[in-house]
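Here the structure is laid out as structure tokens; the discussion comes afterwards.
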Amino acid sequence: MSMDLPPALEARIAGLAPLVRARCFDAPRHVTRPVMPPLEEYTDLLRGVWDRRWLTNDGELHQRLERELEIHLGVKHASLFCNGTLSLLVALQALDLRMGEVITTPFTFPATTNVLHWNRLRPIFCDLDPVTLNISPERVEAAFTDQTRAILAVHVYGQPCDVAALRDLGAQHGVPVVYDAAHAFGVQLDGRPLLEWGDVSSLSFHATKLFTTGEGGALVTADTALDRRIRSLKNFGIADEETVLAPGINAKMSELSAAFGLLRLRDVNAEIAARAEVTAAYRRVLDGVPGLTLPPQPKNVALNHSYFPILVDAAAFGLDRDELYGALRLFNVIARKYFYPLTSHYEWDRCYPSADPANLPVAERAALQVLCLPVYGELGAADAGAIGEIITELHRAARP
Ligand SMILES: Cc1ncc(COP(=O)(O)O)c(C=O)c1O
């Protein structure tokens, strides 16, 4: 077994082979796993689609899912999309942001930064709050210029941004605040939906997300005129049979995805509760392990427990993040480096002065230290505890 170890790791951790033999999972524990609705219920819903022969374009199930999402999320308007990248792209179009800069985070999935380029907007990268790993309002404030058109923030891992400070900054400078809320389905802040904040928030319903339709997404807003523009833009810009108002795109969700979503929405709170047990099990085992920082648990936030990102300080833990990532794979634990690399490292983004690593010390460190451990309800507290113990034993082996 020790033959499989990366050489650098093998040299540093003596006697890992017996540990691997004792603790290796028989099947991979991936970073996440979708919950599938009962197949018979899905086919029942599909039977209706077959009968109606209405496959897309605001079908009956699509309309039902939008209404049910609005109620479930506690928001005024929820407009469904075929994925969370096109929803974000359309949000920027609907706000009519023209040629200029958008203040944003580099610590995110490629989609967040890429949609700026698709809208011919320049990302201005700003550094993070070291606790939440979301953009720091102080750094946002310092990044404003006369070219600033919007703030595009991410509630990374479902941890709320400093929404009040960002709202004030947006209002002060007369620019909208857009949230990439791909990770924030159902999160509550001070007993209210986090999605109430900002001019518009974008959700992803990708297969890796807590609430999924396979591929899918939504835009949420309280602004009825903006919602109307969004609905037209995701449908080619069409207003009625003979009127096209703007060069829109096709970003609609089909009835097949909406059917899946209706069934998943029914059980999503149970999945959140099961994930809460998984993350609690990690905390029980990992709290206090030297060199590990666990995600914050603010008292005024009801998290959705979608992710469990740990930060690994190599000097204190004994292994760096990449070594821990590699070692965990030997145990069939497939953690992920979300988010590494920073989007500011992409070839087409690194040219901007704001992408200079010296401007982004917190983000640079987080990208090198972060590791997302497996979280999904079916994993269960026992497996999460066992993964936590493997990590603890790796620490002991590396720093005897
Ligand atoms: C922060 C963030 N934004 C946007 C997206 C894009 O969403 P989608 O895959 O639904 O296009 C993702 C992940 O998929 C994400 O993690």
| query | Any side-chain heavy atom of Leu45 within less than 4.5 Å of one from Arg64? | reply | yes

| query | Which of these, Asn134, Asp180, Thr132, Thr108, sits in a side chain to side chain contact (heavy atoms under 4.5 Å, CB included) with Val156? | reply | Asn134

| message | Arg167: which residues meet the side chain to side chain donor-acceptor pair (under 3.5 Å) condition with it, sequence neighbours left out? | response | none

| task | Using the six-membered ring wherever Trp is involved, compare the ring planes of Phe185 and Phe211 and label them parallel, tilted or perpendicular (cut-offs 30° and 60°). | result | parallel

| message | Checking Ser344 now: which residues fulfil side chain to side chain donor-acceptor pair (under 3.5 Å) with it, not counting sequence neighbours? | response | none

| query | With side chains defined as the heavy atoms from C-beta onward, is the minimum distance between Leu65 and His62 less than 4.5 Å? | reply | no

| task | Identify whether the distance between the nearest side-chain nitrogen and carboxylate oxygen of Glu393 and Arg396 falls below 4.0 Å. | result | no

| Taking only residues at least two apart or on different chains, which pairs with a member in residues 373-400 satisfy ring pair (Phe, Tyr, Trp, His ring centres under 6.0 Å)? | Phe317-His395

| field | Glu271/Arg264 under side-chain contact (heavy atoms from CB on, under 4.5 Å): CA gap, chis, key distance, verdict | value | CA-CA 10 Å; Glu271 175 64 7; Arg264 284 304 309 126; 4.1 Å; yes

| field | Closest contact, heavy atoms only, Leu256 versus Trp50 | value | CD2-CZ3, 4.3 Å

| note | Which of Glu70, Arg228, Lys234 passes side-chain hydrogen bond (donor to acceptor under 3.5 Å, both in side chains) with Ser79? Answer is Lys234

| task | I would like to know whether Ser306 and Asn304 meet side chain to side chain donor-acceptor pair (under 3.5 Å); could you show each step before the answer? | result | CA-CA 6 Å; Ser306 280; Asn304 64 14; 3.1 Å; yes

| Are Arg47 and Asp51 close enough for a salt bridge, meaning some N to O gap below 4.0 Å? | no

Exercise answer: donor-acceptor pairs, residues 137-144 side-chain atoms, under 3.5 Å, sequence neighbours excluded:
from	atom 1	to	atom 2	distance (Å)
Glu138	OE1	Ser136	OG	3.2
Arg139	NH2	Asn359	O	2.9
Arg139	NH2	Asn359	OD1	2.8

| query | With sequence neighbours left out, what residues match Asp127 under side chain to side chain donor-acceptor pair (under 3.5 Å)? | reply | none

| field | Side-chain donor or acceptor of Arg23 paired with backbone N/O of Arg21 under 3.5 Å | value | no

| Pairing of Lys252 and Asp58 as salt bridge, 4.0 angstrom limit | no

| Heavy-atom side-chain contact between Val178 and Leu88 under 4.5 Å | yes

| request: State, with a plain yes or no, whether a side-chain heavy atom of Gln93 is found less than 4.5 Å away from one of Pro247. | output: no

| request: Scan for ring pair (Phe, Tyr, Trp, His ring centres under 6.0 Å) pairs involving residues 262-313, sequence neighbours excluded, and state none if there are none. | output: Tyr157-Tyr307, His183-Tyr307, Tyr282-Phe308

